[in-house]
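Presented below is the structure to which this report refers.
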Amino acid sequence: MKKIVVVGGGAGGLELVTKLGNKLGRKEKAHITLIDKNTTHVWKPLLHEIAVGTMDEGVDAVSYRAHAFANHFHFRIGTMTDIDRENHQVILAPMFDEDGQELLPETRIDYDMLVLAMGSSSNDFNTPGVKDHCIFLDGPGQAHRFRNKLLGKFLRIQRVPGVRDSVNIAIVGAGATGVELSAELHHAVHKFHTYGFDAVDNEHLNVTLIEAGERILPALPERISASASRELAKLGVNIKLNTRITAAQPDGLETGDGNKIEADLMVWAAGVKVPDVLKNIGGIETNRINQLPVNAYLQVKGEANIFAIGDCAEFVQTDGSRVPPRAQAAHQMADICYHNIRAQLDGGKKKVFQYKDHGSLVSLANYSTVGSLMGNLSRGTLFIEGRLARIVYISLYRMHQLAVHGYIKTGLLMLSGSINRWLKPKLKLH
């Protein structure tokens with residue numbers, strides 16, 4: 001029985017391993033294994049909502065072990081450190097408990113076909129002090145850290161008379177994460193006010209959004225950028241453009257022009273890179289942000305039995321541009337990779353990957369949503385905002401749920417979500 005190993009349970013990896021399990025694992029045509037350092041999956045575009053407490057990941061998170069049981073694949077928790085290409089093995093680091101005692105020794109997992117889907121993380125560009133003083137919204141752990149610090153600041157305002165009555169938050173990077181977090185913070189303050197923090201309102205929140213370029217959302221069309229800027233300005237977000245951060249200190253950020261932006265909480269969302277473990281892993285050459293170059297079939301160049309999908313794959317399109325690190329790209333790559341793995345096993349014809357940009361949407365909490373739709377939905381680019389854009393934005397997450405859970409379970413999740421919105425608090429306060 002062929003052994004197929006998928007490393008990384010993000011959007012693309014989880015969708016892929018679910019399909020492989022249901023089609024090949026169920027019929028015992030292959031042994032499917034997912035490896036991830038976490039025990040649960042959360043859709044990364046929603047991390048900003050977890051960070052401020054407007055989303056409870058305990059409801060939406062997917063348990064890898066439970067999902068593996070239900071979809072006929074196996075789950076192994078661990079962190080990949082290398083690939084032994086000669087012996088076709090993935091090497092996992094030893095695991096230790098909280099007291100530093102070794103739980104598991106270094107482990108080797110055999111593979112006949114390997115898929116690397118390890119996603120990306122924030123890129124601090126080696127800026128001094130950033131790793132020590134800034135929060136990266138790369139996973140639920142960092143989102144929890146931000147929420148706990150925010151709760152602590154608001155609790156101090158609520159309970160200590162005469163304390164400085166404002167919370168200064170600096171967000172570096174005005175891409176989708178930075179913009180959405182800025183809006184979500186102002187939305188959450190209204191909820192905090194409702195749940196016992198009556199001394200806290202939007203006047204106590206000072207959010208500064210910092211961008212090194214000439215406009216926010218630089219990767220999106222200028223019209224979307226302008227619309228989002230207007231909405232953030234209405235909320236009171238202070239936007240600083242053409243501002244380069246040179247260092248982070250415990251109490252703020254130093255800029256290239258010699259000024260300092262004071263901050264109680266600092267979030268770094270300025271650029272992405274693939275985890276350093278992939279840099280020339282197994283002797284495979286990677287690019288400057290550690291991506292693995294892949295061919296038209298998503299195979300790592302020179303390796304017929306190793307595929308890469310999602311943010312960790314460098315796919316150069318026919319026009320010379322690279323596929324951007326977006327959830328829709330990971331979703332499309334997972335579909336093609338699934339087909340090509342089956343074709344390779346059955347001796348069939350592989351499909352060439354062609355990225356289709358269906359547009360981009362940015363959620364400004366409950367205030368607005370702006371974006372553009374492309375492809376089959378319109379000729380050229382269709383600018384949308386407001387309620388329609390919000391519906392389309394939510395539908396992107398539903399499409400991911402459909403790929404992971406199927407129609408019936410996704411429908412039940414939508415129903416339970418509606419019930420929970422009525423039964424449970426609208427803000428996670430613990």
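Since we're looking at a predicted model, the values are computed, not measured. Throughout, numbering of the chain's residues begins at 1 and tracks the sequence.
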Using a 4.5 Å cut-off on heavy atoms from C-beta on, say whether the side chain of L345 contacts that of L24. yes

Contact check, side chains of K19 and C337, non-hydrogen atoms, under 4.5 Å: no

State, to 0.1 Å, how close N340 and K351 come at their nearest heavy-atom pair, and which atoms those are. OD1-N, 2.6 Å

Looking at every non-hydrogen atom in both residues, tell me the closest pair between A329 and P324 and how far apart they are. CB-O, 3.6 Å

Separation between CG (L137) and CG (L46), nearest 0.5 Å, reads 12.0 Å

Could you check if a side-chain atom of L47 sits within less than 4.5 angstrom of a side-chain atom of K44, using non-hydrogen atoms only? yes

From I309 CD1 over to L16 CG, what is the distance, rounded to the nearest 0.5 angstrom? 5.0 Å

Got a sec, which pairs hit side-chain hydrogen bond (donor to acceptor under 3.5 Å, both in side chains) with one end in residues 265-278, sequence neighbours left out? K273-D276, D276-N290

Enter the distance from T208:OG1 to L253:CG here, rounded to the nearest 0.5 Å. 9.5 Å

The residue among L185, L265, V237, I135 that forms side-chain contact (heavy atoms from CB on, under 4.5 Å) with I171 is L185

Tell me whether D357 is salt-bridged to R326, with the criterion being a basic N under 4.0 Å from an acidic carboxylate O. yes

Please report the closest heavy-atom contact between Q291 and N287, naming both atoms and the distance. N-OD1, 2.7 Å

Kindly say whether H74 contributes a backbone atom to a donor-acceptor pair with the side chain of T33 at under 3.5 angstrom? no

With respect to I83, which candidate in I91, V7, L114 satisfies the side-chain contact (heavy atoms from CB on, under 4.5 Å) definition? L114

Heavy atoms of A70 and N22 approach each other most closely as O-OD1, 4.4 Å

Within a radius of less than 6.0 Å around CZ of F69, do more than 12 heavy atoms belonging to other residues, nucleotides or ligands occur? no

Any side-chain heavy-atom pair from L14 and W43 closer than 4.5 angstrom? no

Kindly say whether A270 contributes a backbone atom to a donor-acceptor pair with the side chain of N123 at under 3.5 angstrom? no

Tell me if the CD atom of E285 is crowded by more than 12 foreign heavy atoms within 6.0 Å. no

Is L103 atom CG crowded by more than 12 heavy atoms from other residues, nucleotides or ligands, each under 6.0 Å away? yes

Quick test of your reading: applying salt bridge (charged side-chain N to carboxylate O under 4.0 Å, His left out), list the pairs with at least one residue in residues 402-420, sequence neighbours left out, ordered by first then second residue. none

Should V277 and T79 be marked as a side chain to side chain contact (heavy atoms under 4.5 Å, CB included) after you check the CA-CA gap, both sets of side-chain angles, and the distance that decides it? CA-CA 9 Å; V277 67; T79 300; over 6 Å; no

Heavy-atom distance under 4.5 Å between the side chains of C134 and D124, does that happen here? no

To the nearest 0.5 Å, what is the distance between NZ on K131 and OG on S122? 11.5 Å

Is there any side-chain hydrogen bond (donor to acceptor under 3.5 Å, both in side chains) pair reaching into residues 101-113, and which pairs are they, with sequence neighbours excluded? D84-R108, Q89-R108, Q89-D110

Does R215 CZ have over 12 foreign heavy atoms under 6.0 Å away? yes

Just checking K3: does its NZ atom have more than 12 heavy atoms from other residues, nucleotides or ligands closer to it than 6.0 angstrom? no

Supply the atom-to-atom distance H72 NE2 to K29 NZ, rounded to the nearest 0.5 angstrom. 14.0 Å

Give, for atom CG of L298 and atom CG of L292, the distance between the pair rounded to the nearest 0.5 Å. 12.0 Å

Does the D82 side chain pair with the main chain of G282, one donor and one acceptor, at a distance under 3.5 Å? yes

How close do P325 and V272 get, counting heavy atoms only, and between which atoms? CG-CG2, 4.1 Å

Can you classify the ring geometry of Y64 versus H41 as parallel (below 30°), tilted (30 to 60°) or perpendicular (above 60°)? tilted

Taking the side chain as every heavy atom from C-beta outward, state whether I341 and V115 have any pair of such atoms under 4.5 Å apart. yes

Using the ring centroid of each side chain, check whether F315 and Y355 are separated by less than 6.0 Å. no

On a heavy-atom basis, the closest approach of G78 and I35 is O-CG2, 3.8 Å

Could you tell me if the side chain of M80 sits less than 4.5 Å from the side chain of M118, heavy atoms only? yes

Backbone of A304 reached by a side-chain donor or acceptor of Q344 within 3.5 Å: yes

Check whether any side-chain heavy atom of L235 sits under 4.5 Å from a side-chain heavy atom of V207, and report yes or no. no

